[in-house]
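Letters A, B, ... mirror the listed sequences (proteins, then strands); counts begin at 1.
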Protein chains: 2
Amino acid sequence: MFNSTRTPGLRGGMAVLAGALAGGLTGLPAPAVERPPNLVIIFADDLGYGDLGCYGHPTIRTPNLDRMAAEGLRFTQFYAAASVCTPSRAGLMTGRYPVRSGMCSGKRRVLFPNSTGGLPASEITIAELLKTRGYVTQCIGKWHLGHLPQYQPTRNGFDHFLGLPYSNDMDRVPGAPRGRKAFLDPRIEYWNVPLIQDEKVIQRPADQNHLTRRYTREAVRFIRAHQDRPFFLYFAHTFPHVPLFASEQFHGRSRRGLFGDAVEELDWSVGRVLDTLRETGLDRRTLVFFTSDNGPWLIQGVQGGSAGLLREGKGSTWEGGMREPAIAWWPGRVRPGVCRALAATLDFLPTAAELAGAELPTDRVLDGVSLLPLLDGDGPPPRDSFIYYRGTEIYAARKGRYKAHFITRPAYGRSKPVRHDPPVLYDLERDPSEQYNVAAQHPDVIAEIRALVARHRATVKPVVNQLERTAKSAPRPAP
Amino acid sequence: MFNSTRTPGLRGGMAVLAGALAGGLTGLPAPAVERPPNLVIIFADDLGYGDLGCYGHPTIRTPNLDRMAAEGLRFTQFYAAASVCTPSRAGLMTGRYPVRSGMCSGKRRVLFPNSTGGLPASEITIAELLKTRGYVTQCIGKWHLGHLPQYQPTRNGFDHFLGLPYSNDMDRVPGAPRGRKAFLDPRIEYWNVPLIQDEKVIQRPADQNHLTRRYTREAVRFIRAHQDRPFFLYFAHTFPHVPLFASEQFHGRSRRGLFGDAVEELDWSVGRVLDTLRETGLDRRTLVFFTSDNGPWLIQGVQGGSAGLLREGKGSTWEGGMREPAIAWWPGRVRPGVCRALAATLDFLPTAAELAGAELPTDRVLDGVSLLPLLDGDGPPPRDSFIYYRGTEIYAARKGRYKAHFITRPAYGRSKPVRHDPPVLYDLERDPSEQYNVAAQHPDVIAEIRALVARHRATVKPVVNQLERTAKSAPRPAP
């Protein structure tokens, strides 16, 4: 299953080796050659491109993420693998477009409590890959890749799990306010969402007011407990997905209202994680990535976020649906700056493999590329294209600065897809808000993008659709 | 004309005095007690809220402004005095809403080459005020407050002037492409705009390709030449107003196209000014303010900028028309951070007066307030409200977080104004994109804003409208 012909981890390994040599020459203690760096992925839920201070929001205060951006590498063209939750997470976790794992559908766009599907055991997750290199692995927060026992994080390479099996707005109890009314003045008892530790429900309904705090405490504990072994922490926050909750310290504090409260507590949490890494001295051997699963859920009104200058939001293949704030942080390794190259959550798995010196699987197509050339600032941008799926269909594709929309459709509602032939073409670097169709001027670019899509399609094989597998009545998450 | 009862400059004076005492006690050379600080205002033209890296633009590179923001105070709720050029500049220069000087009109929204009006001699400009304290004063760039001899910068408190009398798209020559076509592939010979030194035309048409560079050279020269006297530099860039030009070094360099080229050269220019202050050691005795005259000119397509997450642009009383990027910089005095309090270009004059220890006029209404409490971070926000004029009419008003629109209208075109009674009300801190009308929930807020507007109206006296004064044929700028 794993490739032994290429030499993954060369760059990471070389850097460590160089460090050891330099240490020896200067008389300083040499870092251990064998120990690969830690990886922390912090993943927000429904956070938009425009929702952080360092991405231009006027009233949400995010001093910790702003500092992370100032000390790290802030991306401006970074993509989630899909515009909604389940497929986005499947893409992140496997380094493959979710169409390959069957984790996307045009009919049921995410997993629901009555779903019986989940991430197939045949898929290799980042956690499973890092396990081959002796990593300690922990999943905290929202999973949403299957809630039956066989799909849980602990069956996908994670030693431990503390979090929710799916979104915090699922499992609404009978009698709770209907529709979006329940989000205006949300109460935890409106939803019967379970909090799970490893494979056991420990609280139901989960106390959402204190979820960010609880997650954070667990993350800090995990980091402190593993100062002597390489670790992978996947910290997938529940917020700012509606219903919005925040602890007493943050509730009512933000000028931006409840949405701001949730984001500001998330920001606090990021600060706690980074501070813990600093305090333990692990900051110089840990790559931390922050991003979000998809764009802002605009139909939620002021309870939803903002895509800034990008068009549309969650659920859409316009930029606002899939382009995300993203920050890489690793003091001493990642040079502070702004990165305008293309990158995606699909790239986390190959990046992790290269850093850890783990072998990539060769029996399957990977869609990700290692981001180390961008992080180290010493190589050409590794990614030149991106495919925008809605469910199992390709709606758009980007090559270089140009994006062609073959199909467009409002993010939600009953409107039918509109097919474009020739496709609508935008120059995203000149026209980031996708306002001015330049298809007529660039038939050559359209031909190139068509060829790119055809090559991609040829690699996609039919698989069981996991999101369309359902039970008549909702099965309970185990046990 | 000048007030002698209040004690302007107390804060600034005290700070200098404290510095002198501290210097004496530590044995370091004490700064001269008597010398007030320098003031530099850098003013962009048609730059939108979303057009800088530090305000979230994904592809425009502004490392110098980003550094200025990191070292200084970045404002997120900062307003130009109007949504178009001439009234905006009149407000900045006088500290008064332009309706008080007659420098706004609903019919002719700015001055044109055939205008015969201009800023009345009775108005007191920042330059005139600072002259009373012995400042050397220089105006560089676009003036647009009257081009007949009696209105030029040199008649308004500036020792010297180098720049254009009005916008760079005026004076179009017969035979040049019509409408917006001329902006797509602009050539300097399409426009007969004069470059003026003091009161003399020195180049016509102005070489717009090298205008930013020429302005910048003059700014650097001015700063270097006045290291021993307090100075005021008003540096009002011609760009990124269309037609867009950039020097060879910047042309074709930006991923954002020609608009990005112009902004990136502007950014370079800001860097040159700040570097010159650093090199001369004047950085610690100079307040530099950067902002823009109004929002992005959206009807110019990719040749226009972006208001980021704000609604609409130039010409409009929606936030995108008047809320601007704004950065205050003064190493050692202004503490780095983000300021979310209200502020406006109207506040520059009172701020300058307090810093310089100049007396404010008492024979007229001033609409500005000193921003020193924000810059020093030691007092309550001095501004709680803002009035949004279109021409001579009040379209909207803000009090605290709420903004009421009494009239709305598209920025350009023939659409008639739509009057709202009750007004449309937005919570700008919770809903910065002005999407969700909350008028029904806040009749008390509407009553407060109506009272605020009534109090304001009672202070506005009829004056000669300067923008509606025209000649049959365009008079030439002097001589």
Side-chain angles (χ1 to χ4, degrees), chain A residues 48-63 66-67 69-70 74-78 254-261 296 298 300-310 319-320 323 325 336-342 400-401 426-433 435-436 438, chain B residues 48-63 66-67 69-70 74-78 254-261 296 298 300-310 319-320 323 325 336-342 400-401 426-433 435-436 438:
Chain A
Y49 192 77
D51 284 322
L52 303 182
C54 52
Y55 282 82
H57 199 281
T59 51
I60 300 176
R61 288 173 300 189
T62 52
D66 297 355
R67 180 180 169 191
R74 186 171 70 82
F75 289 80
T76 68
Q77 307 205 62
F78 189 97
S254 172
R255 295 181 181 220
R256 175 61 178 79
L258 200 47
F259 183 87
D261 294 344
L298 299 178
Q300 303 298 342
V302 285
Q303 315 286 83
S306 166
L309 85 173
L310 302 180
E319 289 296 290
R323 202 195 292 191
V338 178
C339 179
R340 296 177 187 82
L342 297 198
R401 59 193 305 150
Y426 297 100
D427 178 342
L428 291 182
E429 305 215 317
R430 191 175 291 232
D431 173 23
S433 305
Q435 298 290 309
Y436 311 105
V438 293
Chain B
Y49 191 78
D51 284 322
L52 303 181
C54 53
Y55 281 82
H57 199 280
T59 51
I60 300 176
R61 287 172 301 188
T62 53
D66 297 353
R67 180 180 169 191
R74 186 171 70 82
F75 289 79
T76 68
Q77 306 206 63
F78 189 96
S254 173
R255 295 181 180 219
R256 175 61 179 81
L258 200 47
F259 182 87
D261 295 344
L298 299 178
Q300 303 298 342
V302 286
Q303 315 285 82
S306 165
L309 85 175
L310 302 180
E319 290 295 291
R323 202 195 292 190
V338 178
C339 180
R340 296 177 187 83
L342 296 197
R401 60 194 304 150
Y426 297 102
D427 176 342
L428 290 182
E429 305 214 319
R430 192 175 291 233
D431 172 24
S433 304
Q435 297 291 309
Y436 310 104
V438 292

*OG1/A:T59 to CZ/B:R401 distance, rounded to the nearest 0.5 angstrom?*
8.0 Å

*How far does SG of B:C54 sit from CG of A:D66, to the nearest 0.5 angstrom?*
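So the gap between those two atoms works out to 11.5 Å.
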
Heavy-atom cut-off 4.5 Å, strictly under: side chain, backbone, both or neither for [X] against chain B?
{"X": "A:R61", "answer": "both"}
{"X": "A:I60", "answer": "backbone"}
{"X": "A:Q77", "answer": "side chain"}
{"X": "A:V302", "answer": "both"}
{"X": "A:Y55", "answer": "backbone"}
{"X": "A:F259", "answer": "neither"}

*Return the minimal non-hydrogen interatomic distance between A:L309 and B:G56, and the atom names on each side.*
CD2-O, 4.4 Å

*Please report the closest heavy-atom contact between A:P58 and B:Y49, naming both atoms and the distance.*
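A:P58 and B:Y49 have their closest heavy atoms at CB-OH, 3.5 Å.
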
*asked:* So A:R340 and B:R255, do their side chains get closer than 4.5 Å, heavy atoms only?
replied: yes

_Flag side-chain contact, heavy atom, 4.5 Å: A:R430 against B:S254_ =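 SC-SC contact between A:R430 and B:S254 ruled out.
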
Who among [options] has the most heavy-atom pairs with chain A under 4.5 Å?
{"options": "B:P325, B:P63, B:G301", "answer": "B:G301"}
{"options": "B:A307, B:G50, B:A70, B:G308", "answer": "B:G308"}
{"options": "B:Q435, B:R323, B:E429", "answer": "B:E429"}

